[in-house]
Amino acid sequence: MARHLITSAIPYINGIKHLGNLVGSQLPADLYARYLRARGHEVLFLCATDEHGTPAELAAAKAGKPVAEYCTEMHAVQAEIAKGFALSFDHFGRSSSPQNHALTQAFAARLAEQGLIREVVEQQMYSVADGRFLPDRYIEGTCPNCGFDSARGDQCDNCTKQLDPVDLINPRSTVSGSTDLELRETKHLYLRQSQMKQRLSDWIESKDDWPVLTTSIAKKWLNDGDGLQDRGITRDLKWGVPAQFDGAPWEGMEGKVFYVWFDAPIEYIACAQEWAEGTGADWERWWRTDKGADDVTYTQFMGKDNVPFHTLGFPVTILGSNQPWKLVDYIKSFNYLNYDGGQFSTSRGRGVFMDQALELLPADYWRWWLLSHAPESADAEFTWENFQQSANKDLADVLGNLVSRVTKFCRSKFGEAVPEGGTWGAAEEALIAELESRLHAYEGYMEAMEVRKASIELRSLWVAGNEYLQAAAPWTVVKTDPEQAAAVIRLALNLIRIYAVVSKPFIPGAAASMMTGMKTGDWSWPTDLRAALTALPVGHAFEVPEVLFRKITDDERAEWQERFAGTRA
RNA sequence: GGCGAGGUAGCUCAGCUGGUUAGAGCACACGACUCAUAAUCGUGGGGUCGGGGGUUCAAGUCCCCCCCUCGCCA
């Protein structure tokens, strides 16, 4: 039994995430956490909302609410949706927690002690009317390059040229529309990442078992151009962790907060503190290598856009502190999921969002499709045809129907209890051999976080049951040799329990239904398959479960396709 | 423009350090079965592995050039 710390990239607070966000971090992290728990390992699985920054402030203003209140509400919404998808977080925290405030300030102070913070005075755009400094992308104006009149301060959406806000002609605030903008001096703290370049580089180079997606992105940032750059870790904002605090080793940072990319990863640790406070558990044995965390395996899940912060920024914080914090052991990253020939788009309402998905179908449908099509080697694409075909074929026909045909046949011929009689022969031995081989492959892929391949093996396990049943043909055998038919069905009923156990990480809802139908709470992993196939003894009562997965009709598919197409630009 | 990832059957994808007739699922065709959610099982057709050169006894798998897609950066 090992100890595994698992974190999913923390979703931003402003709004509900789409299926692409889900499959890029939370869902595969949940799959892994559930699998490791099922194998008897000790798991701490953490996620949280990322709440600070300008977008949250503006979203709150738009909703007409104080930002703290807005975040509290949205956190509850996201937590509820996560529950709907059966995401098994041990704690779903908040980056705005007191724990994270304290820890973020402590890290900043410590990094300063280690000589890794420097102060920089720079010029930033200030909007007099809004009474605030504005991030580059919240300033619009006419592009000096192509004349496009809605170019953003960081980049022109029309000609894609990278811009500086001061380059814009007739710049205005996108918050208020005001043109009363001026450059003002402001002081910020910079994290001296460049000092850590060699240590990071050595560390990344040593990780030859990481996904190439992870290491290639990390190496690019380390070596591109002038190499790893220092980054500002403060902003002129109100909503966030104050950069000026008691014991701060700098002055004059009043009215400024730490930038989200600095405090958000620290929430991984603070989240464990939140969890400990709520449960009385010990968080240090997960995060402090001097307090027992040296035997923890720490795995992070994220979309590729988050890789730089997890391979460079956060490790600078951890390593730079020169304190015994647990450093990540494995970073599993994902490409993007596209939607029907384009990208998911929040602003255009294009694609399916997490709350909408749950209104259409139970979580298992989405979990299965998303995980079995996870964008591991390249970007993947969601289409309704593919979703309908996969769900109907894999879940309804192959698995659901198997459960149905076995339990209903037994009920009609032997009653709703595991029947007696008959013996195993060559067919059963062949099945056991097949199952053992498939199960070992499945376990290997799950341990390696090869999500798609694991799903293929799981499906193969289901198919093996149908093959066996088809060949054994108990509906024929029962006419001449009822006892032998009973032996076949006895095995098949036990197979249902085994499927429930091994399928649970992917489809926890259906797994629970199968287990309930078999009237047992025996979730033990079928390490010994032969024994597992007799776990439900002769005479054990069961009941025919409700249809596990109804099919998605062509009409539904067409309707949904239309409904989620969004407003094309 | 630079960098990275891809371009393998109609569709979605496997193919490790080069080595017998290039694989799987879906879709399609035919057959079997009739317990089951018109479900299941079997068989089969279908690919000059983006294009062109080269290395090698042997290349989807290595090298060079080109084309296309996606992403990151300038």
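Numbered from 1 within each chain, the chains take letters A, B, ... in sequence-line order.
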Original post:
Do we see a donor-acceptor contact under 3.5 Å between the side chains of A:Tyr442 and A:Glu447?
Top reply: no

Original post:
Without hydrogens or angle criteria, can the side chains of A:Gln470 and A:Asn466 be said to hold a donor-acceptor pair below 3.5 Å?
Top reply: no

Subject >> Interface residues of residues 387-406 of chain A with RNA chain B (non-hydrogen, below 4.0 angstrom) >> reply: A:Gln389, A:Lys393, A:Ala396, A:Asp397, A:Gly400, A:Asn401, A:Ser404, A:Arg405

Subject >> A:Asp394 and A:Trp369: side chain donor to acceptor below 3.5 Å >> reply: no

**OP:** May I ask you to list the residues of residues 446-462 of chain A, by number, that have any heavy atom positioned under 4.0 Å from an atom of RNA chain B?
**Re:** A:Arg452, A:Lys453, A:Arg459

Original post:
When the distance from CG of A:Leu548 to P of B:U40 is rounded to whole Å, what number comes out?
Top reply: 15 Å

Any N/O pairs under 3.5 Å between the protein and nucleotides 31-34 of chain B? List them or say none.
residue : atom : partner  : partner atom : Å
B:C33   : O2'  : A:Trp475 : NE1          : 3.2

Original post:
Is it the case that A:Tyr12 and A:His52 place a side-chain donor and acceptor less than 3.5 Å from each other?
Top reply: no

Subject >> d(NZ, A:Lys551; P, B:C26) in whole Å >> reply: 12 Å

Original post:
Which base, if any, makes a Watson-Crick or G-U wobble pair with B:A29, both distances under 3.5 Å?
Top reply: B:U43

**OP:** Taking the six-membered ring for Trp and the single ring otherwise, decide whether the centroids of A:His440 and A:Tyr445 are under 6.0 Å apart.
**Re:** no

Subject >> ring-ring contact (aromatic ring centres under 6.0 Å, His included) partner of A:Trp366, the single match among A:Phe387, A:Phe85, A:Phe506 >> reply: A:Phe387

Subject >> Gap between atoms CD1 and P, on A:Ile552 and B:U37 respectively (whole Å) >> reply: 19 Å

Original post:
Whole-Å distance between B:C11 C1' and A:Asn386 CG?
Top reply: 8 Å

**OP:** Tell me which nucleotide among B:C35, B:C13, B:U37 gets nearest to the side chain of A:Phe549.
**Re:** B:U37

**OP:** Could you check how far CD of A:Glu546 sits from P of B:A36, rounded to whole Å?
**Re:** 16 Å

Original post:
So, A:Gln388 and A:Asp554: side-chain donor and acceptor under 3.5 Å apart, yes or no?
Top reply: yes

Original post:
Quick one: salt bridge (charged side-chain N to carboxylate O under 4.0 Å, His left out) partners of A:Glu416, sequence neighbours excluded?
Top reply: none

Subject >> Side-chain N,O (A:Lys408) to OP1/OP2 (B:A39) below 4.0 Å >> reply: no

Original post:
What is the per-nucleotide protein-contact pattern of nucleotides 4-10 of chain B, from the 5' end, where B denotes a base atom under 4.0 Å from a protein heavy atom, S denotes such proximity for sugar-phosphate atoms only, and - denotes neither?
Top reply: SS-----

**OP:** Apply salt bridge (charged side-chain N to carboxylate O under 4.0 Å, His left out) to A:Arg438 and list each qualifying residue two or more places apart in sequence or on a separate chain.
**Re:** A:Glu434, A:Glu457

Original post:
Given the side-chain rings of A:Trp210 and A:Trp203, with only the six-membered ring counted for Trp, is the space between their centroids under 6.0 Å?
Top reply: yes

